[in-house]
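Chain letters run A, B, ... following the sequence lines, proteins first and then strands; every chain starts at 1. Any value given below was found using the heavy atoms of this structure, including those in side chains, with hydrogens, waters and symmetry copies removed. Just so we're clear, the structure is a prediction, and the values are computed from it rather than from any experiment.
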2 protein chains.
Amino acid sequence: MTNRSQMTRPATRPTMKQSPDGSAKRTRQHLPAAERERQIVEAAADFFAEHGLEGQTRELAKTLGITHSAIFRYFPSKEALIERVYDHVFLSRWDPDWRGLLSDRSQPLEQRLIRFYHAYAERIFDAQWMRIFMFAGLKGHPMTNRYVSLIRTQLIRPACGELRAELGLPTLASLPITAREEEAFWALHGMVFYLGIRKFIYGMRTQGDQSQIIADDVRALLAGAPFILRAACGTSG
Amino acid sequence: MTNRSQMTRPATRPTMKQSPDGSAKRTRQHLPAAERERQIVEAAADFFAEHGLEGQTRELAKTLGITHSAIFRYFPSKEALIERVYDHVFLSRWDPDWRGLLSDRSQPLEQRLIRFYHAYAERIFDAQWMRIFMFAGLKGHPMTNRYVSLIRTQLIRPACGELRAELGLPTLASLPITAREEEAFWALHGMVFYLGIRKFIYGMRTQGDQSQIIADDVRALLAGAPFILRAACGTSG
DNA sequence: GTCATTTGTGACCGATTGGTCATTTGTCGT
DNA sequence: ACGACAAATGACCAATCGGTCACAAATGAC
């Protein structure tokens, strides 16, 4: 479980008051609405990542030291809270600069892909992202489709174009992209993504240098891809 | 959603009786205990695969045309039913012959891996397997760990040994396996597995010839693996 | 300090949940 | 045809769920 929440959340532990009998007792704490809302979303992201989207609001509230009624002051329904969690976890974790990085022909494609997947893994390899994404996918949430489209238009297809250029093959504009060459880069994506699955869904402890592994993955694919692309472009299937 | 259940389940549609007023009315159906139990497990596999392990027993019962009380005649608790579903879905979907196939040096490793992953995909690429496995993983069920161990001992490590043999590198017995070379084959596994994720978790419609894709994946990895293995064996890291 | 504002509480609601059990009803041997 | 046994039902239970609301209690402006 990530500790990001505890690190970014300001230290607002409930004040303690001394009871007449001497026992410490936490008093009710009133936070500014905006701050409390932030806290709830962040805590909900951790909570739903761990317990699934069916986790109870009462238990979530307990991790915040409030009652579940308080949550409904900020969100009209649990579903609305979950949508906010989606936004919080997924929105703008995709760096628009990555699109430029992939097309930067001043460095070899191998280097670009290694740099990209290094940065990408850095962004999405945590329990919040990986697990909530899986929960959402299993639930059939449309967010999943939006994400897949993003990957295809911003990563897979550009990468196909770049590899064609590096191999001196026709451009995507002149020769339509084939399913087979798209699949080559989906394969690379799967290699990296599966690292995250093993770690955050299977709960395997990671072994080996992740940067090394990602670099190996990229090099392996680029070693085999020329054969695939030349065949795919030749037979167009 | 797979139709396997409907195909293997015998045609035992409830008998219809004519009511006095002329409307058709289904009568109560008494099945032999063993047969009903089989039906419940198979229906539960489909049901939980679609709705998740938190799906209600009442709804599951509805798909069988019985009441949820009947389920508890055969299973002491919902949890017990789920365990039975795990067994039904996962047990003996791993073909022990695969271990021999991987070590059959009468054919090149490329062919062996392609044949293996073709058969493997055939077995696990359905909604029951893929989705229930993900649900179980997210839940932290120990079955996941057992599965990963199986893959490692029966697939990853043997494959590493075979590739070393094909490249004329030291045997696993003489030079310990490294995390880096294991990761090479986890990468291949991830490529194939991610195909299933896209199809059954993301709900993407498949495009392209799956056999072709798997063959491309294997060839790509084997094209890049020699570099990885030689480096890993040389530096032992 | 005082008081209005607004944050948070706790009791409550109705629907849903897994699970139980006395009763009903199909099925099969005779 | 008929009884005995097993299979299935439906009413019921207690716990849990998301959500509401009247009220209590911090907080900040003055």
Checklist entry - Is any side-chain N or O of A:Tyr74 closer than 4.0 Å to OP1 or OP2 of C:dG8? => result yes

Item to check | Carboxylate-amine/guanidinium contact B:Asp126 B:Arg93, below 4.0 Å | outcome: yes

Checklist entry - Within the structure, does a side-chain N or O atom of B:Arg36 lie under 4.0 Å from either OP1 or OP2 of D:dA7? => result no

Item to check | Donor-acceptor pair, side chain of A:Glu35 and main chain of A:Pro32, under 3.5 angstrom | outcome: no

Next on the checklist: Measure NZ/A:Lys62 against P/C:dT9 and give the value in whole Å, please.
Outcome noted: 13 Å

Item to check | Structure string for DNA chain D in dot-bracket form, Watson-Crick and G-U at under 3.5 Å, | interchain | outcome: ||||||||||||||||||||||||||||||

Next on the checklist: Whole angstroms only, please: what is the CD-C1' distance between B:Gln39 and D:dA8?
Outcome noted: 13 Å

Next on the checklist: Once you measure the plane-to-plane angle for A:Trp186 and A:His189, does it fall in the parallel (<30°), tilted (30-60°) or perpendicular (>60°) bin?
Outcome noted: perpendicular

Next on the checklist: Whole angstroms only, please: what is the CZ-P distance between B:Phe72 and D:dA14?
Outcome noted: 17 Å

Next on the checklist: Among B:Trp94, B:Tyr147, B:Phe135, which residue satisfies the ring pair (Phe, Tyr, Trp, His ring centres under 6.0 Å) criterion with B:Trp129?
Outcome noted: B:Tyr147

Next on the checklist: Going by the rule ring-ring contact (aromatic ring centres under 6.0 Å, His included), which residues pair with A:Phe75 if we only count those two or more places apart in sequence or in a different chain?
Outcome noted: none

Every protein N/O within reach of nucleotides 9-11 of chain D N/O, cut-off under 3.5 Å:
from: D:dT9; atom 1: OP2; to: B:Thr67; atom 2: N; distance (Å): 2.7
from: D:dT9; atom 1: OP2; to: B:Thr67; atom 2: OG1; distance (Å): 2.9
from: D:dG10; atom 1: N7; to: B:Ser69; atom 2: OG; distance (Å): 3.2
from: D:dG10; atom 1: O6; to: B:Ser69; atom 2: OG; distance (Å): 2.7

Next on the checklist: Which is more 5' along DNA chain C, the nucleotide nearest B:Glu54 or the one nearest B:Pro32? Just name the residue.
Outcome noted: B:Glu54

Checklist entry - Over how many whole Å does the gap from A:Lys78 atom NZ to C:dT16 atom C1' extend? => result 13 Å

Checklist outcome for this item: B:Gln29 atom CD is separated from D:dA6 atom C1', nearest whole Å, by 14 Å

Checklist entry - Between B:Tyr117 and B:Tyr120, what is the ring plane arrangement, given parallel below 30°, perpendicular above 60°, and tilted in between? => result perpendicular

Checklist entry - Sub-3.5 Å donor-acceptor pair from the side chain of A:Arg112 to the main-chain atoms of A:Asp104, do we have one? => result yes

Next on the checklist: In whole Å, I'd like the distance from the CZ atom of A:Phe75 to the P atom of C:dT7.
Outcome noted: 13 Å

Next on the checklist: With a 4.0 Å cut-off on N to O distance, would you call B:Lys139 and A:Glu54 a salt bridge?
Outcome noted: no

Checklist entry - Would you call the rings of B:Tyr202 and A:Phe133 parallel, tilted or perpendicular if under 30° counts as parallel and over 60° as perpendicular? => result perpendicular

